[in-house]
Q: 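Below is the structure I would like to discuss, written out as structure tokens.
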Amino acid sequence: MRGPLVVLGDTLLDRDVEGLVNRLCPDSPVPVLDETVHADRPGGAGLAALFAAADGTEVALVTALADDVGGARLSTLLTAAGVQVFALPLAGATPEKIRLRAGGRVLLRHDRGGAAGPPGEPSEAVLQLIAGAAAVLVSDYGRGVAGQPALRAALAATAAPVVWDPHPRGPAPVPGVHLASPNESEVRVLAGTTPGASRLATASRGAQELRQRWRAGAVVVTLGGDGALLCHAGSTPLVVPAPTCAEGDTCGAGDRFAATASRALAQGALVSEAVQQAVTEASAYVAGGGVAQAVPVPATTPAPTVVAAAGDRVGPGAAGAVVAGVRAAGGTVVATGGCFDLLHAGHVATLQAARRLGDCLVVCVNSDRSVAELKGPDRPVVPQGDRSRLLAALGCVDAVVVFDETTPHAVLSWLRPDIWVKGGDYATGTGDTSTLPEAEILQRWGGHTIVVPYLDGRSTTDMIMAARSADRHPEGAR
């Protein structure tokens, strides 16, 4: 492939809540679910991106993330899966879809997040990404990303094959897409077909209507366990049967289909070949247990809340609120990061210098686990809760967020600071910030990396070594 596979669309936070039902509610004849575990995963375009990246394909996701805890969680999950996140600002809250399950069956789906807010403008890096893609999958969930004018212009201009997975509440595909992939019910709504004819005749008539209306190269209608029907330039549609007819959880099957077809087109397959591959993989996906097996994530229980003296300034909720307020006022968001184990004067000098560069300073702190991975099993000396408290208490710090990875890439993709600050003569000693490992991430939204002076002679490692040496050789112990 000559470039990455780009997935563009609305990303949601999906949560499966598993539990046991052994009684009815005393004040209403409904089952009571006793939660045992829950698991979070990206949904919508985020799930399609995970499917596309599952075999090692280079995948970039153009989506919109809100300045809230859900947006931070999505960025973490996507980055951990190897997806490059190119996030646009999103007004409002992260959309969430919560499925309450017992015995492998869904009892209820609870949606929250409210009405969709308009996504922000894409950066020049996003537009260049679309222009240089091997293929583009538009995974539209009707929340605004696929309708963003600058993105639509870039999609119409790209030479890459475009697959469009439409939504009844979303905009029409841009003219000239290679393949549109609505499901059966979406075709009936979008084409306005009336019941009465056979299933295949209804799907064929709707697909031909949409292909002409959208000026698309081809339209494929997914038919669940019966495969798919492909309508292209010829008058006779191609029916692609499923190799196996399996019953199971179909959540995400359409995303799996569209991601597979997009990956095949990126590798040079014909549209008919791409559809055949997509039918095969989507069928195997359902037969194999659906999303819970295809995107396994460790089941989690609610994380304990970090209690701090300056608790309202610690955590993704606090950081998101600060960033949203500064952006709304047209200000500049500054961020910096590090372990900050044994806070010393060198740290304070860097933080004060960073804060003077903008209108707020968010400090990204390595968690205890990531510090141990970077520094060794005997670090950190000070646990993350105390490190967060100390940093939040400084007058130059507006918010603190802890990240669990060895790099801050996920939290940066969510925060999208205008300026990322490092202290000292980093890497080259010449102020060449192109060598900073975070520089490429900042370029995705037009941010900048800056190095500020560092106080000589201050080193956490040296301080720890000196303290330990003093413990081993106390004065007068000879």
Side-chain angles (χ1 to χ4, degrees), residues 12 14 16 41 43-45 47-48 50-52 54-55 97 99 101-109 137 139-141 163-168 179-191 193-211 218-232 236-265 269-296:
L12 306 87
D14 284 354
D16 283 353
R41 60 176 56 85
L47 182 60
L50 258 62
F51 288 150
D55 67 344
K97 294 188 180 297
R99 300 195 305 170
R101 298 164 52 95
R105 296 184 179 276
V106 177
L107 301 178
L108 178 71
R109 199 183 87 180
L137 166 58
S139 182
D140 184 16
Y141 273 74
V163 175
W164 198 292
D165 192 6
H167 192 282
L179 180 67
S181 59
N183 63 32
E184 217 175 344
S185 61
E186 290 168 344
V187 165
R188 288 196 293 268
V189 173
L190 291 166
T193 56
T194 56
S198 70
R199 184 184 186 193
L200 288 179
T202 300
S204 177
R205 185 168 62 249
Q208 292 288 13
E209 159 66 22
L210 293 176
R211 190 180 74 82
V219 172
V220 60
V221 183
T222 54
L223 302 172
D226 292 326
L229 181 143
L230 174 64
C231 290
H232 38 57
T236 304
L238 172 67
V239 175
V240 181
T244 58
C245 185
E247 295 185 357
D249 187 357
T250 60
C251 177
D255 298 305
R256 184 60 168 261
F257 180 97
T260 301
S262 303
R263 190 171 59 224
L265 291 176
L270 300 175
V271 170
S272 57
E273 295 171 334
V275 169
Q276 290 172 1
Q277 291 183 35
V279 167
T280 299
E281 285 215 17
S283 300
Y285 165 84
V286 175
V291 69
Q293 298 300 317
V295 189

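Just so it is clear, the values below take in all heavy atoms, side chains as well, and ignore hydrogens, waters and symmetry mates.
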Q: For Arg41 and Asp14, what are the C-alpha separation, side-chain angles and deciding distance, and is it a salt bridge (charged side-chain N to carboxylate O under 4.0 Å, His left out)?
A: CA-CA 5 Å; Arg41 60 176 56 85; Asp14 284 354; over 6 Å; no
Q: With Pro166 as reference, evaluate Val187, Asn183, Leu190 under the side chain to side chain contact (heavy atoms under 4.5 Å, CB included) test and give the passing residue.
A: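 Output: one option passes, namely Leu190.
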Q: Check side chain to side chain donor-acceptor pair (under 3.5 Å) between Arg109 and all other residues, then give those that pass, not counting sequence neighbours.
A: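 Partners of Arg109 under the side chain to side chain donor-acceptor pair (under 3.5 Å) test: Asp111.
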Q: Between Leu12 and Gly44, which heavy-atom pair has the shortest distance, and what is it?
A: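 Scanning both residues, the minimum pair turns out to be CD1-CA, 3.6 Å.
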Q: Under the criterion side chain to side chain contact (heavy atoms under 4.5 Å, CB included), I'd like the reasoning laid out for Val239 against Leu223: C-alpha separation, chi angles, the key distance, then a yes or no.
A: CA-CA 10 Å; Val239 175; Leu223 302 172; 5.7 Å; no
Q: Give a yes or no answer on whether the side chain of Ser198 reaches the backbone of Ala201 with a donor-acceptor pair at less than 3.5 Å.
A: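 Side chain of Ser198 to backbone of Ala201: a pair is present.
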Q: Please report the shortest heavy-atom distance between Phe257 and Ala282, naming the atom on each side.
A: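 Nearest pair, atom of Phe257 first, then Ala282: CB-CB, 4.2 Å.
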Q: Under the criterion side chain to side chain contact (heavy atoms under 4.5 Å, CB included), I'd like the reasoning laid out for Leu47 against Val291: C-alpha separation, chi angles, the key distance, then a yes or no.
A: CA-CA 9 Å; Leu47 182 60; Val291 69; 4.1 Å; yes
Q: Locate the shortest heavy-atom distance separating Ser272 from Leu230; write the atom from each residue and the value.
A: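 The pair with the smallest heavy-atom distance is CA-CD2, 3.9 Å.
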Q: Calculate, to the nearest 0.5 Å, the distance between atoms CD and CZ belonging to Glu184 and Arg188 respectively.
A: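 So the CD of Glu184 and the CZ of Arg188 are separated by 5.5 Å.
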Q: Looking at Gly206, is its backbone amide N or carbonyl O close enough to the side chain of Glu209 to form a donor-acceptor pair, meaning the two atoms are under 3.5 Å apart?
A: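 Answer holds: no.
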Q: Report the C-alpha separation of Leu265 and Val271 in whole Å, then their side-chain angles, then the decisive distance to 0.1 Å, and conclude whether the side chain to side chain contact (heavy atoms under 4.5 Å, CB included) test is met.
A: CA-CA 7 Å; Leu265 291 176; Val271 170; 4.2 Å; yes
Q: Hey, what do you get for CD (Glu281) to CG (Asp55), rounding to the nearest 0.5 Å?
A: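 Answer for the CD-CG pair, Glu281 versus Asp55, is 8.0 Å.
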Q: Using side-chain heavy atoms (C-beta onward) and a distance below 4.5 Å, is Val220 in contact with Leu229?
A: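 The answer is no, as the side chains (C-beta and beyond) never meet within the 4.5 Å cut-off.
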Q: Show the nearest heavy-atom pair for residues Ala264 and Gln277, with the distance to one decimal.
A: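 Answer, listing the atom of Ala264 first, then Gln277: CB-OE1, 3.6 Å.
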Q: Minimum heavy-atom separation for Val221 and Ala203, please, with both atom names.
A: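 Nearest pair, atom of Val221 first, then Ala203: CG2-O, 3.9 Å.
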Q: Find out whether the Lys NZ or Arg CZ of Arg256 is both under 6.0 angstrom from the six-membered ring centre of Phe51 and within 45° of the ring's axis.
A: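 Judged by the rule (NZ or CZ under 6.0 Å from the ring centre, within 45° of its axis), Arg256 counts as positioned above Phe51.
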Q: Working to the nearest 0.5 Å, report the span between SG of Cys251 and NZ of Lys97.
A: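 Reported value, rounded in 0.5 Å steps: 9.5 Å.
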Q: To check you understand the geometry: which heavy-atom pair defines the closest contact between Pro241 and Val279, and what is its length?
A: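 In this case the closest contact between Pro241 and Val279 is O-CG1, 3.6 Å.
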Q: With sequence neighbours left out, what residues match Tyr141 under side chain to side chain donor-acceptor pair (under 3.5 Å)?
A: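 With neighbours one apart ignored, the set is Asp255.
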Q: Is there a donor-acceptor pair closer than 3.5 Å between any side-chain N or O of Thr280 and the backbone N or O of Gln276?
A: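 Judged by distance alone, yes, a pair lies under 3.5 Å.
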Q: Using side chain to side chain donor-acceptor pair (under 3.5 Å) as the criterion, list what pairs up with Asp226, not counting sequence neighbours.
A: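 Partners of Asp226 by the side chain to side chain donor-acceptor pair (under 3.5 Å) criterion, ordered by chain and then number, come out as Arg199.
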Q: Just wondering, do Ser139 and His167 contact through their side chains at under 4.5 Å, heavy atoms?
A: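 His167 vs Ser139: side chains apart.
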Q: Enter the distance from Cys231:SG to Gln208:CD here, rounded to the nearest 0.5 Å.
A: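 It is 4.0 Å, given to the nearest 0.5 Å.
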